[in-house]
Amino acid sequence: MTELRTLKVALLGCGNVGAQVARILIDDADTLASRTGARLELSGIAVRNLEARRDVELPHELFTNDAEALVKDADLVIELMGGIEPARSLILTAIRHGASVVTGNKALLAQDGPTLYEEADKAGVQLSYEAAVAGAIPILRPIRDSLSGDRITRVLGIVNGTTNFILDQMDTTGAQFADALAEAQRLGYAEADPTADVEGLDAAAKAAILASLSFHTRFALEDVYCEGISSVTAADIAAAKDAGFVIKLLAIAEKLTDPEGNEGVSVRVHPTLLPREHPLAAVHGAFNAVFIEAENAGELMFYGQGAGGTPTASAVLGDLVSAARRIVLGGPGRTETTTGHVPALPIDAAITSYYIGLDVADQPGVLARIAQLFAEHGVSIEIMRQTIHRDSASKSESAELRIVTHRASEAALAATVEAVKGLDVINSVTSVLRVEGV
Ligand code: NAP
């Protein structure tokens, strides 16, 4: 048998994901060599603390504090340190020294992806990041490669396991947000500081990446409208459930024409009502899923574990083998194309259905007045349900009105809600949530 060439692999970081990547590189070396056509030799692992205990037993001599030297002497670099610096500088050094790079660092890609992609293109090396969106789920390569002969029209993703776990807990147990968050923290699904997850920032970084690949245009984090789940109440969830919906935090990227006729892409993250029969409604616990609509392929759904050391390592290794194969075959392929040039539309241009909860006076003619006001603003009502609450102690009555609209623009909806608030028969607007999948 001919001797296989050896490619040096530098690993930056040996935490949850890095340790599993190192384990697989060592344990599955022969399999990886047969799949790649080259031996992938782990040349070193850069960490902060050389003495720290690792999840996996690894040869001590592989560890180093000198990430820079390691990177300069590698054919392939895997960045699993996280954060912006020194990850960014080390990736740039790797690229400029001709190494292809695999990373799972969505925060860095969302903040400064374009610089990295341009440098990789200039150097003729590959920059891959399957692990950055939805952990183990192969989603970026299907979008970039398998669907490259089609036109994607819409992407809906549950791309943050922590928030999906919290909303699922609220839906199945009736818990309030704070209690569901505490449970997520107890089980290790949420960090001590859960801000990046619950405020939608992690999902927004992934939305920017999904939108960029789906619409062949670079979208940055500031193009993504972002609303988290911290204001979703148990009452919102119960009312949604009652009306046949489930609330999910969705990352949405879709092609739209705004009211002035401008074509663009709306990229947004917000709590969204989905009909309970929608495939994404069946994504429970900390699982992730991405639902894609394409002109020719139709509807596709990708489902799996969105985080965790070993599942995420699977995505990293897939990227590594792919990058190594290209070195073996000679020359990298294009990592992505950015010839789409579609503008990112502001949230006002988003067109969707809405769920509106109102606390109203129980008087004759109220429903007709509200319906007329919606019609005057060009927002048509699909479902209107009234529930009367009788308090036997005080002998008082109040009415709760739940409205689901047909698709309307954010701008029209916002104007309608403002006008509704001004009606003397309205006690309060209890919720306004967007609905997808109807
Ligand atoms: P982690 O457990 O915090 O591990 C980070 C590793 O990087 C540690 O080994 C740390 O060294 C090393 N490191 C950090 N800063 C360093 C520096 N300045 N110099 C040298 N080494 C440094 O992180 P992780 O959970 O494995 O995540 C890694 C990346 O994958 C992140 O970008 C994350 O967003 C992404 N990702 C993670 C998951 C997941 O499920 N965890 C899923 C998808 C994507 P010490 O150990 O010595 O401190």
Side-chain angles (χ1 to χ4, degrees), residues 10-24 42 44-56 58 60 62-71 77-91 93-94 101-113 116 127-140 157-165 184 187-197 201-206 208-210 221 251 285-288 290 304-320:
L11 177 60
L12 309 180
C14 193
N16 293 319
V17 188
Q20 299 308 326
V21 167
R23 174 185 62 78
I24 298 168
L42 182 56
I45 308 172
V47 291
R48 271 180 306 216
N49 180 359
L50 291 176
E51 305 311 323
R53 266 184 64 87
R54 303 289 159 192
D55 295 348
V56 173
L58 296 162
H60 195 260
L62 283 178
F63 288 91
T64 176
N65 282 139
D66 193 349
E68 178 100 7
L70 188 63
V71 156
V77 172
I78 304 173
E79 186 279 303
L80 291 167
M81 294 172 25
I84 305 301
E85 284 296 351
R88 180 181 175 281
S89 301
L90 289 167
I91 289 177
T93 303
V101 175
V102 176
T103 177
N105 195 334
K106 60 245 158 189
L108 174 59
L109 291 169
Q111 181 166 317
D112 204 18
L116 304 180
L127 173 67
S128 11
Y129 43 91
E130 185 65 72
V133 180
I137 306 175
I139 182 65
L140 301 188
I158 295 173
V159 290
N160 181 274
T162 308
T163 45
N164 200 56
F165 177 86
L187 293 171
Y189 290 127
E191 314 224 347
D193 177 1
T195 314
D197 290 322
L201 307 173
D202 172 79
K206 294 165 180 172
I209 295 171
L210 284 171
L221 197 51
F287 274 82
N288 281 196
V290 181
Q305 295 190 59
T310 305
T312 307
S314 164
V316 171
L317 264 298
D319 274 352
L320 188 75

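Order of listing sets the numbers, starting from 1, for every ligand and every atom in it. The basis for the numbers below is simple: all heavy atoms, side chains too, and nothing from hydrogens, waters or symmetry mates.
- Taking the side-chain contact (heavy atoms from CB on, under 4.5 Å) definition, one finds that Ser89 meets it with Glu85, sequence neighbours left out.
- In this structure, Asn164 contributes its side chain and Gly285 its backbone to a donor-acceptor pair below 3.5 Å.
- Evaluation of the salt bridge (Lys or Arg N to Asp or Glu O under 4.0 Å) rule for Glu191 yields no partner, not counting sequence neighbours.
- Tyr189 pairs by the ring pair (Phe, Tyr, Trp, His ring centres under 6.0 Å) definition with Phe165, not counting sequence neighbours.
- Put simply, CD1 on Ile139 and CD1 on Ile209 are 12.0 Å apart, with the number rounded to the nearest 0.5 Å.
- Annotation: ligand 1 has protein neighbours Gly13, Cys14, Gly15, Asn16, Val17, Ala46, Val47, Arg48, Asn49, Arg54, Leu80, Met81, Gly82, Pro86, Gly104, Asn105, Lys106, Ala131, Ala307, Gly308, Thr312, each with a heavy atom less than 4.0 angstrom from the ligand.
- Put simply, the side chain of Asn105 gets close to the backbone of Gly83: a donor and an acceptor are under 3.5 Å apart.
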